Structures are given as C-alpha cells and as structure tokens.
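Worksheet: the structure to be examined is printed underneath.
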Amino acid sequence: MPSTTRGSQKARDTLDFLRGRISSGEWPVGDLIPKEPELVELIGVGRSTVREAVRSLAAFGMLETVPGVGTFVRSRTPVSSILSEFLADHDLEEVLVYRRSLEIEAAQHAAVHRTEEQLAELRAAHQRVHEAIADDAAPDSLDTCNRSTAPDSFHRLVVEASGSKLLLDLYLGVMSVLEGASTEGRVILGTTLETMHRDHGAVLDAIAARDVRDAAHSMALHVDRDLGLRTDMLDFNGQTERATSLIDAGYDPDQLEA
C-alpha cells in the first residue's frame, strides 16, 4: 500500500477519533481537549496528523485553538456550528419562533422517551434553581432560559431526554445565537425568575407523568413568555411582569412606560 494511502487513512482515523470523543460527550463543550503530545501518544500518530485533524474540526466549528491556552470544544457536531452561522443572518424574532417549535417538540418526546435517570437530573436542576431563588442568588447564576446550553441546565436536559440527537444539535445551534444576542442586550428574560421556575415545574410534572399533551402545552406557555426582544419589552407598561423583570435586571423604569 503506498505511503500516501497509509497517511490518508491515518488522517481519517485521527479525525474519527477526535470527532468520536466530542460527539459522545466524553470531551464536553467548553472543555479543553488533551494537549498535542498526549494526543500523539493516545492515538499513535505523528504531530502533523494530529494538527491536521484539529484544523479540520476547527474549520467545522467543533474545536477552537486559543494560543497559549489550548484547544477547546466549541460544538458537539458540525450541525450546531453551521446552523448558528446560518441563523445569525436571520431576524431574531424568527429565531425565537424556531426555538419555540424545537422546545415544544423536545418536551413531547421527553414525556415519552425520558429515562428515570434523566428525570432525576431534571428534578435536580429544578431543585437547584429553587434553592438559588430562596437564597436570593444573583440572576446570572441561575438556570435562566438565555443560558440554556450548559450541560446541567433544565432546558438542555429536557432536549436530551427527548432521545433525539438531531433535536439537541438544532437546539444548541439556535441557543448559541440567542445567547449571543442576550450578551449584547438584544434578547432578554421576559418574565420573573419565580414564574420561570413555576413554568419549569409544570413541564417537569408533565414529563414525569408521561403526559405528552400537557408537556407540549406547559412548554408552549413557558417559551411564549420567557425570552423576548428588548425592543418589544419597551412597549410594555411598567406594571407588567415583563417590565418587572427588566427593572430587576437594572433597566430604567421610565424606559418601560408605554
């Protein structure tokens, strides 16, 4: 077999190795992957082969190399990264509508396919927020819906409980766009933390009871009021729940008057 063929096969094997660790979650999104010397020893290939595989996955948006720090996992699959780039060119209101559809579908499937272990994880996530609210924790530390890609967040756990990897990939891509817009102040939490927590509880109860209709209904009610565009919020009277959540977040109450 010619050396070029062997090299090509080594490159494909290395790429498959790295992609497998990322897609399986063994190397979670946000974590550093092993350093180059470790990968060389682990896979049994040369440095140039490892570098080429890392560059390929970086081009797909799955990895990102930070000089002097290391290489981070940025997306579990190419789908999430590509979708994020695609949606970034679309109107945020349309992205919110698309996110609503995904969340409702995920809740319905979770009511059917969730395991007891996944149900326990959902309950634990819900309890953490309950305790954080009781302790008057800072909003940034809570499981709010504009920070829903964290591995232990309630919404992400619902999507994972659906049993659909495609739904999870689409969800992560959508939420990456919305989280970016949230950081820029264009998308904001449109309800109080207490109402958000009650909504999560209703979704959790429906999933626990394997009630597909109630899961869809509860999630629909929730996503209709949890995230919104900041420009839309300015049209609400200062006594509304959405306005209250904005005031709590530090916005000027005079800006919220109709």
Side-chain angles (χ1 to χ4, degrees), residues 3-90 92 95 98-99 102 106 121 125 140 143 145-184 186-187:
S3 59
T4 54
T5 303
R6 288 199 300 272
S8 174
Q9 185 60 49
K10 282 185 178 181
R12 287 196 294 270
D13 290 345
T14 302
L15 189 66
D16 289 343
F17 178 91
L18 298 179
R19 188 165 50 195
R21 292 299 188 278
I22 296 168
S23 298
S24 68
E26 184 175 337
W27 295 345
V29 173
D31 279 14
L32 282 165
I33 69 171
K35 294 187 180 299
E36 188 177 281
E38 297 175 63
L39 292 174
V40 167
E41 183 176 350
L42 186 62
I43 305 171
V45 296
R47 288 176 178 265
S48 61
T49 303
V50 169
R51 290 172 188 165
E52 181 60 32
V54 169
R55 280 196 295 267
S56 295
L57 293 179
F60 282 122
M62 295 177 69
L63 293 175
E64 179 184 6
T65 298
V66 179
V69 180
T71 300
F72 290 86
V73 179
R74 290 308 186 204
S75 176
R76 196 177 65 84
T77 69
V79 175
S80 299
S81 176
I82 294 170
L83 180 63
S84 295
E85 293 182 9
F86 173 74
L87 291 176
D89 294 329
H90 287 70
L92 275 176
V95 178
Y98 184 50
R99 175 251 178 165
L102 290 176
E121 290 175 344
D140 285 350
D143 189 12
C145 303
N146 55 337
R147 293 175 176 83
S148 296
T149 58
D152 61 348
S153 73
F154 183 83
H155 278 250
R156 175 164 176 168
L157 289 172
V158 169
V159 180
E160 289 181 346
S162 74
S164 170
K165 289 185 177 181
L166 178 58
L167 269 178
L168 179 60
D169 289 338
L170 294 174
Y171 171 77
L172 292 175
V174 169
M175 290 311 300
S176 176
V177 173
L178 294 179
E179 287 180 358
S182 173
T183 301
E184 297 167 358
R186 294 187 293 148
V187 169

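Note that the structure is predicted; figures quoted are calculated from it, not measured.
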Identify the two heavy atoms, one from [X] and one from [Y], that lie closest to each other, and give their separation to 0.1 Å.
X: Ala53; Y: Leu18; result: CB-CD1, 3.6 Å
X: Ala181; Y: Leu92; result: CB-CD1, 3.8 Å
X: Thr49; Y: Ala11; result: CG2-CA, 3.9 Å
X: Tyr171; Y: His155; result: OH-CB, 3.2 Å
X: Ser162; Y: Ala106; result: CB-O, 3.6 Å
X: Leu157; Y: Ala125; result: CD1-CB, 3.8 Å

Checklist entry - How far apart are the C-alpha atoms of Leu63 and Val73, what are their side-chain angles, what is the distance that settles it, and do they pass the side-chain contact (heavy atoms from CB on, under 4.5 Å) test? => result CA-CA 5 Å; Leu63 293 175; Val73 179; 4.1 Å; yes

Next on the checklist: side-chain contact (heavy atoms from CB on, under 4.5 Å) for Ser23 and Met62? Distances and angles first, verdict last.
Outcome noted: CA-CA 9 Å; Ser23 298; Met62 295 177 69; 4.3 Å; yes

Item to check | Pair Lys10 + Asp13, salt bridge at N-O below 4.0 Å | outcome: no

What distance separates [X] [atom1] from [Y] [atom2], expressed to the nearest 0.5 Å?
X: Thr14; Y: Leu57; atom1: OG1; atom2: CG; value: 10.5 Å
X: Ser153; Y: Glu160; atom1: OG; atom2: CD; value: 8.0 Å
X: Glu38; Y: Ile43; atom1: CD; atom2: CD1; value: 11.0 Å
X: Glu179; Y: Leu172; atom1: CD; atom2: CG; value: 9.0 Å
X: Arg21; Y: Ile33; atom1: CZ; atom2: CD1; value: 11.5 Å
X: Leu170; Y: Tyr98; atom1: CG; atom2: OH; value: 4.0 Å

Checklist entry - Taking Ser182 for the side chain and Leu178 for the main chain, is one N or O donor matched with an acceptor at less than 3.5 Å? => result no

Next on the checklist: Name the residue from Asp169, Leu168, Leu102 that meets the side chain to side chain contact (heavy atoms under 4.5 Å, CB included) definition with Val159.
Outcome noted: Leu168

Next on the checklist: Is it true that, when you exclude Glu41 itself, more than 12 heavy atoms of the residues, nucleotides or ligands shown sit nearer than 6.0 Å to its CD?
Outcome noted: no

Checklist entry - Side chains of Val45 and Phe17: closer than 4.5 Å at any heavy-atom pair? => result no

